[in-house]
Peer 1: 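Pasting a structure here, questions to come.
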There are 4 protein chains.
Amino acid sequence: MGSLRQRSGTSRRTRDASDQETQDARTRILDAAERLFAGGGYEATPTAEIARLARVPKGLVFHYFPKKIDVLVALIDERTLVEEAPEVEAVPGDAARSLSRLARRLPLRASPAMRRILFREADTHGSVRDRLGRLNGEIIRRARFALELALPTPRGDAARLEVAAVTFAAVLLHQENLCQLTGHHIDPDAVAELIAHALG
Amino acid sequence: MGSLRQRSGTSRRTRDASDQETQDARTRILDAAERLFAGGGYEATPTAEIARLARVPKGLVFHYFPKKIDVLVALIDERTLVEEAPEVEAVPGDAARSLSRLARRLPLRASPAMRRILFREADTHGSVRDRLGRLNGEIIRRARFALELALPTPRGDAARLEVAAVTFAAVLLHQENLCQLTGHHIDPDAVAELIAHALG
Amino acid sequence: MGSLRQRSGTSRRTRDASDQETQDARTRILDAAERLFAGGGYEATPTAEIARLARVPKGLVFHYFPKKIDVLVALIDERTLVEEAPEVEAVPGDAARSLSRLARRLPLRASPAMRRILFREADTHGSVRDRLGRLNGEIIRRARFALELALPTPRGDAARLEVAAVTFAAVLLHQENLCQLTGHHIDPDAVAELIAHALG
Amino acid sequence: MGSLRQRSGTSRRTRDASDQETQDARTRILDAAERLFAGGGYEATPTAEIARLARVPKGLVFHYFPKKIDVLVALIDERTLVEEAPEVEAVPGDAARSLSRLARRLPLRASPAMRRILFREADTHGSVRDRLGRLNGEIIRRARFALELALPTPRGDAARLEVAAVTFAAVLLHQENLCQLTGHHIDPDAVAELIAHALG
DNA sequence: TATGAATGAGTCTTCATTCAT
DNA sequence: CATGAATGAAGACTCATTCAT
């Protein structure tokens, strides 16, 4: 359950039992919800189950999150981060490797469970959908930027470059989402190479 | 609400053709469920609501579908068809146009509502997930086949061709699913052209 | 628990156990609610308690009355009747006795419990308030009418007659409502006599 | 929110007079409760809402009033005063005007909100009912006294005078309570005149 | 085959009240 | 005195499912 906001200072601790027990109730609730939402889905998870797993009384869940949906929103809000910094990861002159790097490090700071939730609950609440949209946009932006840096100027068709970026983003998100369900696998490096070749 | 299987024998019926009212209860139930599942999701749709929209008594829903999940399964089963016939749509010598044709006619016979359900409820039941997986596989197979036919022999790298097929399938499904949620748009023709160029 | 809509045919029955047991669930629910609302008030009465007293499962209450307030509304609607027929009860020439008769038979068909509810829950729902308002209006109308018939023409001040009617209505309703709480008693006959004297 | 008891000693305080903000917590709590009870009723008002409106922490409400009902009792106790002093307001020789004066100044020191609470929550707690009963009694006593003073001796029937007093009290209380709900209006002066005429 | 009343476990949510700090 | 997290019993309402007719 990788929380995004671990208080600093916790890191040096010897990771003793305090992790499990001492952590404040709100965090434990979110931890539990993260696990359960990822497993069975938002709708199928009773708040009582969240409380039980978090070892807090039922009422406390509503003390922190007046409505059930607020738990999901808080989760998306606090444990999902779409990095929008202009980090440049491009390898000049090597479009394939530039895309590969992007694939290896999606601009999404989130635990595997939170990723599952992000894709699974896109219909459940606008905030989830928004976050997903922003992720999509950011990936496209980065892919575009990486390609711009990687390709020698003057590059060819600008529109084609855009299509390449969009395509690569589609593949990455498809892999995060449906591939997990259908069992198919995609090798992003191979796709990167393909796209680079198309632009080269 | 385009039902897939109401064709055989229906034409000869002497019963009046007032499709809307006279249609048998089972069909009306599925119609209602299709609309509601697509709109609010399976979990959030009460069977009573289905019955109301279908203008049938509540008990009748359970007469035809003993468990609620059976409605969803029947929907997937009867109103979703992944065409696995070896229809060849390739344009020899023109990979881009071959892929474009594939994009224009996904091997999926299903109403827009059913498509939404297919993607949305992938987690809900194995049968949905299976169907989705089969769709994915079929698209890849067709893309591969189309490319094989379109490209001049001897083609280059077989592995690259496979990657191209997978990539194109990813884009098509991504468009069907997440693009509808995030609001992004992809032009499949442009992607087809890009991929063709990569293989050319 | 005097239901207003006793099906005809029930009357001849020998009032055996069927009264208690055979009566349909909806009626038993209303019976229970009538008793409990009159006793502890609407807000303080849980629906579960209604179900228990009615010997029906909890869910059935909501089968008939989707919202708790609907029970109260149904009660007011079905077990409270403000008689608005122009029944004349006046004794020509005897205003006092005319008013006395009115007092003896309020134009309100309702059990004592329902009367308690009517006054007690006036704040709870508009339908209750409306009914109460109509009762008030009807009493005034009748009092006015009775006085008009009773007094010899030409009567004196029409305005005074109106005030008399309003005053008498106030006394009757006050007696129905607050007197029960404060423990005071009013003799309507004496008030009737007083008013008659004022007009005489 | 006219508090009844904040008079003594408050004047000498050196604390700044910013009544609104500085006022002690207990007073603010009662102010909030007065408003909320009058608006939505005692049962429907959560203590948390009282605390919020009073801008005090939830726990403080229970510091001052260990049980929720204590807030209501304190309100009735401190912000409701039935004046039982033998103030004579009669106009000798003019019964109508004597009663009118009584109507104009009920022996009830309470804000409009408190008046609403007094009538509305008569069922909620004995203390409210008692206060209401005492108010009723006091009005009758005053009406009787006023009439005794106003009418020339020897007066006529003592019983009739009593009935007149009771009737007038009924009208006044009816006006305070049900008239506000039903929307009817009564002119106490006209009633006073009517009654005076009856006795005259 | 058709029907809607019946069932009761379960769901979200509320709230008075306590209590450690 | 003051505070707000903690508690858990209770409340309204939902809903899949059963079943007698």
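Note that the structure is predicted; figures quoted are calculated from it, not measured. Convention: sequence-line order gives letters A, B, ...; per-chain numbering from 1.
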Peer 1: Given F:dT3, E:dC12, E:dA6, identify the nucleotide with an atom nearest to the side chain of C:A25.
Peer 2: E:dA6
Peer 1: Whole Å only: how far is the CG atom of D:L36 from the C1' atom of E:dC15?
Peer 2: 15 Å
Peer 1: Pick the nucleotide of DNA chain F nearest each of C:K67 and B:Y42; which residue has the one closer to the 5' end?
Peer 2: C:K67
Peer 1: Over how many whole Å does the gap from B:R55 atom CZ to E:dA2 atom P extend?
Peer 2: 15 Å
Peer 1: Write down the atom of C:R79, the atom of C:M114, and the distance for their closest heavy-atom approach.
Peer 2: O-CG, 3.6 Å
Peer 1: Rounded to whole angstroms, how far apart are CZ on C:R26 and C1' on E:dA6?
Peer 2: 16 Å
Peer 1: Looking at the side chain of C:L60, which of F:dA6, F:dT14, E:dA6 is the nearest nucleotide?
Peer 2: E:dA6
Peer 1: At their closest point, which heavy atom of D:L72 faces which heavy atom of D:I117, and how far apart are they?
Peer 2: CD1-CG2, 3.7 Å
Peer 1: Below the 4.0 Å mark, does E:dA5 have OP1 or OP2 next to a side-chain nitrogen or oxygen of C:H63?
Peer 2: yes
Peer 1: Counting Watson-Crick and G-U wobble pairs only, both distances under 3.5 Å, name the nucleotide matched with F:dA20, or none.
Peer 2: E:dT3
Peer 1: Does E:dT11 pair with anything, Watson-Crick or G-U wobble, both distances under 3.5 Å, and if so, with which nucleotide?
Peer 2: F:dA12
Peer 1: Can you check the A:R52 CZ to F:dT7 P distance for me, whole Å?
Peer 2: 16 Å
Peer 1: Starting from C1' on F:dT18, measure out to CZ on B:F65 and report it in whole angstrom.
Peer 2: 18 Å
Peer 1: Just by distance, do the side chain of D:E49 and the backbone of D:L36 share a donor-acceptor pair under 3.5 Å?
Peer 2: no
Peer 1: Please report the distance, rounded to the nearest Å, between CG in B:D24 and P in E:dT1.
Peer 2: 12 Å
Peer 1: DNA chain E: C:G59 or A:P66, which has the more 5' nearest nucleotide?
Peer 2: C:G59
Peer 1: Could you state the CD1-C1' distance from A:I69 to E:dT11, rounded to the nearest angstrom?
Peer 2: 15 Å
Peer 1: Shortest non-hydrogen contact from D:A122 to C:L181?
Peer 2: CB-CD1, 3.5 Å
Peer 1: Rounded to whole angstrom units, what separation is found between the CG atom of B:D70 and the P atom of F:dA16?
Peer 2: 13 Å
Peer 1: Base of E:dG10, side chain of C:K58 - is there a donor-acceptor contact under 3.5 Å?
Peer 2: yes
Peer 1: Phosphate oxygens OP1/OP2 of E:dT1: is one of them under 4.0 Å from a side-chain N or O of B:Y64?
Peer 2: no
Peer 1: Take C:K68 and B:T47, find for each the nucleotide of DNA chain F with the closest heavy atom, and name the residue whose nucleotide sits nearer the 5' end.
Peer 2: C:K68
Peer 1: Could you report the tightest heavy-atom contact between C:P66 and C:F62, atom names first, then the distance?
Peer 2: O-CD2, 3.3 Å
Peer 1: State which of E:dT11, F:dG4, F:dT7 makes the closest approach to the side chain of A:P57.
Peer 2: F:dT7
